[in-house]
Structure formats: structure tokens, C-alpha cells
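Following: one structure in C-alpha cells, then a few remarks.
Treat the numbers as computed from the prediction; the structure is a model and nothing was measured. First the proteins, then the strands, lettered A, B, ... as listed; each starts at 1.
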2 protein chains.
Amino acid sequence: MASELSFTEENYLKAIYHISAESNESVNTNALAESMNTTPASANDMVKRLAQKNLIGYQKYKGATLLTKGKKIALTIVRKHRLWEVFLVDKLGFKWDEVHEIAEQLEHIKSPSLIKRLDKFLGFPTMDPHGDPIPNEDGIMKQTRRASIAEVAINTRGIIVAVNNDDTLLLQHLDSLGIKLGSRVGVLERMDFDGSVSISIDDGPKQFLSKAVAENLMITLTDTK
Amino acid sequence: MASELSFTEENYLKAIYHISAESNESVNTNALAESMNTTPASANDMVKRLAQKNLIGYQKYKGATLLTKGKKIALTIVRKHRLWEVFLVDKLGFKWDEVHEIAEQLEHIKSPSLIKRLDKFLGFPTMDPHGDPIPNEDGIMKQTRRASIAEVAINTRGIIVAVNNDDTLLLQHLDSLGIKLGSRVGVLERMDFDGSVSISIDDGPKQFLSKAVAENLMITLTDTK
DNA sequence: ATTTATTTTTAGATTAATCTAAATAATATT
DNA sequence: AATATTATTTAGATTAATCTAAAAATAAAT
Ligand SMILES: [Mn+2]
Ligand SMILES: [Mn+2]
Ligand SMILES: [Mn+2]
Ligand SMILES: [Mn+2]
């Protein structure tokens with residue numbers, strides 16, 4: 001049977017999913033431990049547990065990879081996390097930099113019908129407040145083509161669809177600049193010296209972003225004119 | 001510091017609250033164990049833990065009582081449970097007999113601002129879908145005067161505000177009779193032989209209720225005419 | 001190819017929450 | 001008052017999840 005996973009097991013599966021989504025490689029113990037804010041010994045213990053349950057593939061010294069069943073669970077957690085974030089922002093009026101920790105708890109509520117109804121109540125959203133795609137019930141999410149403002153060509157225009165960083169300080173900085181999801185961005189100039197860029201938001205005045213900030217701002221390419 | 005209670009500790013506090021709400025006596029080990037679906041040994045262990053934390057008063061062989069701090073926590077859990085039940089019914093369209101188990105999970109989400117916003121989003125309700133009062137932030141709830149249909153005088157009129165039983169079979173039976181919270185009831189007759197009663201719902205046709213059903217239907221007294 | 005450094009795994013402890021079975025205390029019954 | 005019954009507590013184990021410290025394997029550097 002499904003045998004009901006613990007919150008901890010679910011969180012590990014999600015961490016393995018997120019880490020391997022970037023690298024496409026098997027997830028090594030140290031990276032997993034760091035992501036989970038725990039020790040390599042603990043991560044190793046859990047990896048063995050999850051392998052036992054046929055949720056991940058694991059061989060000694062060779063890291064972990066999600067198996068079909070584990071990946072499906074991970075995507076369900078991601079789906080719930082992002083749907084709840086939409087609820088918190090759209091319905092309860094939270095700001096987008098306040099919702100992650102609460103969603104971290106809500107994502108573990110076990111009730112398929114709850115998520116079905118929540119999805120409908122929210123109007124079947126495809127993106128969370130940070131622009132990350134929401135997997136559907138089958139774990140499929142439409143991958144929008146993206147690039148960071150730091151790497152995009154001059155004169156590129158696009159729409160901000162994601163911020164690759166949950167750091168509250170960054171999110172608040174963006175708020176103060178009037179930058180939010182859905183903002184239309186034009187990339188005007190790039191200083192080769194430090195990688196900083198000048199941009200305009202919604203055809204407003206020129207503003208400057210450091211490379212560190214620009215790297216975290218993902219846009220969909222709409223127009224290169 | 002608050003030191004963050006576990007779900008289990010919260011559930012025990014809530015159970016102690018509910019059991020002692022009826023009897024006004026200290027809660028004995030066996031009753032607590034039964035309510036928690038566990039063994040007396042486990043309940044006894046937990047009672048010692050909670051006493052250690054000054055949440056409950058406890059002396060060997062003399063049962064447990066909530067202390068100020070523990071009662072406040074218990075009432076917060078009850079508040080969250082009932083607010084979430086309102087959400088599930090009013091916003092997501094669940095039926096009132098489907099929400100308890102989900103609320104049992106949601107009640108443990110830790111975020112005061114979430115509950116504040118949820119309360120506002122729901123329009124500051126004072127009753128949950130089963131007619132139970134929702135404690136405010138200070139743990140105060142307005143106690144409506146209630147009586148069961150089984151004990152009320154003939155010709156009493158009132159509004160159904162609670163069903164004293166979570167049994168799905170009962171709740172479905174009531175649904176089939178068109179009886180729900182907020183229904184206006186007139187008590188027409190009572191058979192002394194078996195305690196069954198005839199009533200009308202919302203001035204509709206005469207319907208019969210067994211004593212067992214009538215006992216679980218609580219009304220507020222509006223009119224004795 | 002050795003040596004050094006890093007990563008990964010194991011061994012052994014700890015804490016929360018639970019259980020079974022046995023012991024003890026409190027009640028109830030003769 | 002002695003005995004039987006019931007309620008409560010303790011003793012000893014178990015499981016999940018975690019840790020520290022030590023051992024083993026792999027990778028990197030000389
Ligand atoms: Mn998030
Ligand atoms: Mn989580
Ligand atoms: Mn309930
Ligand atoms: Mn609960």
C-alpha cells in the first residue's frame with residue numbers, strides 16, 4: 001500500500017527532486033545534507049530508507065536518483081506547495097515573500113480531494129507567485145523558455161516570470177524597485193566590468209541592477225527588437 | 001520560549017480540553033487513552049511530559065487538568081480546526097461530513113498571521129459548519145443557549161446549531177431529511193413510548209425522528225409559542 | 001604511485017512516541 | 001477486614017529521526 005510517508009521523507013524526496021532538476025546527475029550525500037540542513041550521516045540514513053521503499057535508486061558511494069514512484073510523490077509535493085502559495089497570495093493577501101515557510105507546512109496535508117478543490121477554487125493556475133510552474137495531477141508542467149536578465153542580449157524584452165532565490169532581502173529589494181512577477185522588462189545596457197545591467201520596468205525610467213540581482217531574475221523572451 | 005509543541009502534544013492538549021469540557025473534572029488516564037486511540041501507558045507518558053512543561057496539572061493517580069498556558073494552546077487548536085472547517089465548506093464546497101479529518105491536519109499549521117488572515121477571509125465566523133462556536137484570539141467563544149430536540153418542550157421552535165455526533169451515517173441521514181445547520185425547526189409531537197418526535201423543517205411537512213437522532217440535534221431556542 | 005584531502009559510510013548514542021507485560025495503587029465487593 | 005476488580009503507573013523494548021566521532025572509500029594533488 002501507499003503506507004503514508006512522513007513529512008521528513010516527503011521533504012527529502014522534494015530536495016532530491018530539486019537538486020537533480022538542476023544538475024541532471026545523481027544527488028550526492030553532502031549536497032542533500034546541506035539542502036536539508038542536516039548532517040551527511042542523517043542524509044545517508046534517509047537515503048537508505050527511501051531506497052528500501054523503492055522510491056529512489058541508490059548504490060553506495062554513487063548518490064541517489066528518483067525512481068518513478070518517488071518522482072511522482074516529489075512532484076505532488078511541489079504541486080501542493082505552489083498551489084498553496086497561490087492561495088496565500090491571491091486569496092489571503094500575503095505578499096509573495098511571506099508565503100514560502102507557510103507553504104512548507106501546508107504541502108504535507110494529505111487529501112487528494114482537497115487539492116483538487118483548491119486547484120479549482122484558484123482557477124487552475126499554472127504558475128505560483130514566484131513564477132514557478134505548477135505541475136498538474138500527472139506531474140506535468142509546461143516549461144516556459146526562460147533566461148536570466150544577466151545572460152540575455154541587450155535590447156531583449158520580456159516578462160518577469162520567476163525569481164530564482166527565496167532570500168527575503170532580495171525579494172524586498174525587488175519590491176522597492178517596483179519589480180514583480182508579470183512586470184515587462186527591457187534590458188538596456190550591460191557593463192562588462194561588473195556584469196551589472198540597466199533596465200526599464202513597464203516602460204518606466206532606467207534602473208540599475210547588480211549582476212547578483214540580474215542573475216536571479218528570469219524572464220520569458222517576448223521580443224528582441 | 002514557546003519551544004514549539006509537536007502535533008502529538010497539541011492533540012493531547014485538545015483531547016484533555018474536550019474531555020474536561022464535559023465533565024469539569026480532571027481527566028483520567030483511561031479516558032484520555034481511549035480518546036487518543038492509544039494505550040493508557042502512552043497517555044500516562046504524555047501526561048508526564050505535558051506536566052513537565054507546565055501545560056497541565058498532574059498528580060499521580062489523580063488525573064490531568066489544563067493549566068492556563070495549556071488551555072490557551074488547546075483553544076488555539078480548536079479555533080484553527082473550526083476556522084479551517086468553515087473554509088473547507090464555505091469556500092471549497094466540501095460537505096460538512098467530509099471536513100473533520102482534513103481539519104485535523106490543518107489545525108496544526110503554525111502561523112498566527114495565517115489564521116488572522118483566514119479569519120478575515122471567511123468574514124469572522126463565530127460558528128463552524130457543525131454549529132460549534134469558534135473561539136476568538138483570546139480563547140473566548142460566545143456560548144449560545146442550547147438544548148437537544150429530545151429534551152425540549154412541545155411546540156418549541158429553534159434553529160439547528162449543532163450535531164453532537166460526527167458519525168457519517170448520522171450526518172448522511174440528516175442530509176437525506178433535508179436537515180442542516182441553520183434549518184428552522186418546529187417540534188410538533190413526542191411519543192412517550194420511545195421518545196421519538198415529529199418535527200417540521202423550515203415549515204415543511206411533518207417528519208419523524210427517533211430519540212437517538214433527536215438527542216444529537218441541538219437547537220437554539222427562538223420561540224416557544 | 002604515494003600521499004593528502006574530501007566524501008561517504010558506519011558505529012554507537014539520544015530523544016520522542018509508542019507498545020506489551022508486569023507491578024502497584026485505588027475502588028468495589030463480599 | 002479481606003478479597004477481588006479496575007485503574008494507573010512503571011519497566012523494558014521498539015522505531016523514526018537525528019547527532020558525533022571514527023572508519024572506509026573515492027578523488028585530487030604531488
Ligand atoms: Mn516556495
Ligand atoms: Mn516541507
Ligand atoms: Mn471537526
Ligand atoms: Mn489534530
Side-chain angles (χ1 to χ4, degrees), chain A residues 1-16 19-20 22-23 25-65 70 73-74 77 104-105 107-108 110, chain B residues 1-16 19-20 22-23 25-65 70 73-74 77 104-105 107-108 110:
Chain A
M1 306 294 108
S3 86
E4 209 80 329
L5 297 184
S6 70
F7 287 18
T8 307
E9 290 170 317
E10 290 188 345
N11 282 336
Y12 269 95
L13 286 177
K14 195 178 61 154
I16 294 169
I19 296 169
S20 65
E22 301 302 304
S23 60
E25 290 168 8
S26 71
V27 177
N28 57 317
T29 304
N30 274 12
L32 186 53
E34 188 183 1
S35 166
M36 291 296 298
N37 282 311
T38 185
T39 62
S42 298
N44 189 246
D45 284 346
M46 181 55 78
V47 159
K48 283 189 281 187
R49 292 176 53 74
L50 294 174
Q52 188 81 33
K53 297 187 178 191
N54 283 307
L55 300 173
I56 66 174
Y58 164 68
Q59 287 170 268
K60 274 190 185 179
Y61 300 101
K62 294 187 72 180
T65 52
I73 294 169
I77 308 296
E104 204 59 39
Q105 298 177 62
E107 71 188 4
H108 301 290
K110 272 139 188 124
Chain B
M1 304 299 107
S3 85
E4 209 81 328
L5 297 184
S6 69
F7 287 17
T8 308
E9 289 170 318
E10 289 187 346
N11 282 336
Y12 269 95
L13 287 176
K14 196 179 60 155
I16 294 169
I19 296 168
S20 66
E22 302 303 304
S23 60
E25 290 168 8
S26 70
V27 177
N28 58 318
T29 303
N30 273 12
L32 186 53
E34 189 184 0
S35 165
M36 291 295 299
N37 282 310
T38 184
T39 63
S42 298
N44 189 246
D45 284 347
M46 181 55 78
V47 158
K48 285 189 281 187
R49 291 177 53 74
L50 294 174
Q52 189 79 32
K53 297 188 178 190
N54 283 306
L55 300 174
I56 66 174
Y58 164 68
Q59 287 169 270
K60 274 190 185 180
Y61 301 101
K62 295 187 72 179
T65 52
I73 293 169
I77 308 296
E104 204 59 39
Q105 298 177 61
E107 71 188 3
H108 301 290
K110 272 139 187 122

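- OP1 or OP2 of C:dA17 has at least one side-chain nitrogen or oxygen of B:Ser6 nearer than 4.0 Å.
- Rounded to a whole Å, the CE atom of B:Met46 is 12 Å from the C1' atom of C:dT15.
- Residues satisfying the side chain to side chain contact (heavy atoms under 4.5 Å, CB included) test with A:Ala15, not counting sequence neighbours, are A:Leu32, A:Ser35, A:Met36.
- Here B:Lys62 does not reach the OP1 or OP2 of C:dA25: none of its side-chain N or O atoms lies under 4.0 Å away.
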Please output the side-chain donor-acceptor pairs of residues 44-51 of chain B that fall under 3.5 Å, not counting sequence neighbours, one pair per line with the distance.
residue: B:Asn44; atom: ND2; partner: B:Tyr58; partner atom: OH; Å: 3.4
residue: B:Arg49; atom: NH2; partner: B:Glu9; partner atom: OE2; Å: 3.0

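- Applying the side chain to side chain donor-acceptor pair (under 3.5 Å) test to B:Thr38 and every residue at least two apart in sequence or in another chain returns B:Ser42.
- Among residues two or more places apart in sequence or in another chain, the side chain to side chain contact (heavy atoms under 4.5 Å, CB included) test is passed with B:Asn30 by B:Asn28, B:Pro40.
- Side chain of B:Ser26 to backbone of B:Lys62: a donor-acceptor contact under 3.5 angstrom is found.
- In this structure, the side chain to side chain donor-acceptor pair (under 3.5 Å) partners of A:Lys110, at least two apart in sequence or on a different chain, are A:Glu10.
- The CD atom of A:Glu10 sits 15 Å away from the C1' atom of D:dA16 (whole-angstrom rounding).
- Here the straight-line distance linking atom CD1 of B:Ile77 with atom NE2 of B:His108 works out to 6.0 Å at 0.5 Å rounding.
- Checked against salt bridge (charged side-chain N to carboxylate O under 4.0 Å, His left out), A:Glu104 has the following partners two or more places apart in sequence or in another chain: A:Lys14.
- Of the residues in residues 32-43 of chain B, B:Pro40, B:Ala41 come within less than 4.0 Å of DNA chain D through at least one heavy atom, sorted by number.
- Rounded to whole angstrom, the span from the CG atom of A:Asp45 across to the C1' atom of D:dC19 amounts to 10 Å.
- If you check C:dT9, C:dT10, D:dT10 against the side chain of A:Thr29, the one that comes closest is C:dT9.
- Of the residues in residues 49-59 of chain B, B:Arg49 come within less than 4.0 Å of DNA chain C through at least one heavy atom, sorted by number.
- Across the protein-nucleic acid pair, A:Phe7 atom CZ and C:dA16 atom C1' stand 16 Å apart, rounded to whole Å.
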Restricting both atoms to N or O, compile the protein contacts to nucleotides 26-29 of chain D shorter than 3.5 Å, with distance only.
none

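- The phosphate of C:dT6 (OP1 or OP2) has no side-chain N or O of A:Asn30 nearer than 4.0 angstrom.
- The CG-P distance, from B:Asn11 to C:dA16, rounds to 17 Å in whole Å.
- Regarding contacts with the backbone of D:dT9, a side-chain N or O of B:Asn44 is found under 4.0 angstrom from either OP1 or OP2.
- By the ring-ring contact (aromatic ring centres under 6.0 Å, His included) test, A:Tyr61 pairs with no residue at all, sequence neighbours left out.
- Counting heavy atoms from C-beta on, the side chains of A:Leu13 and A:Leu5 come closer than 4.5 Å.
- Here B:Asn28 does not reach the OP1 or OP2 of D:dA7: none of its side-chain N or O atoms lies under 4.0 Å away.
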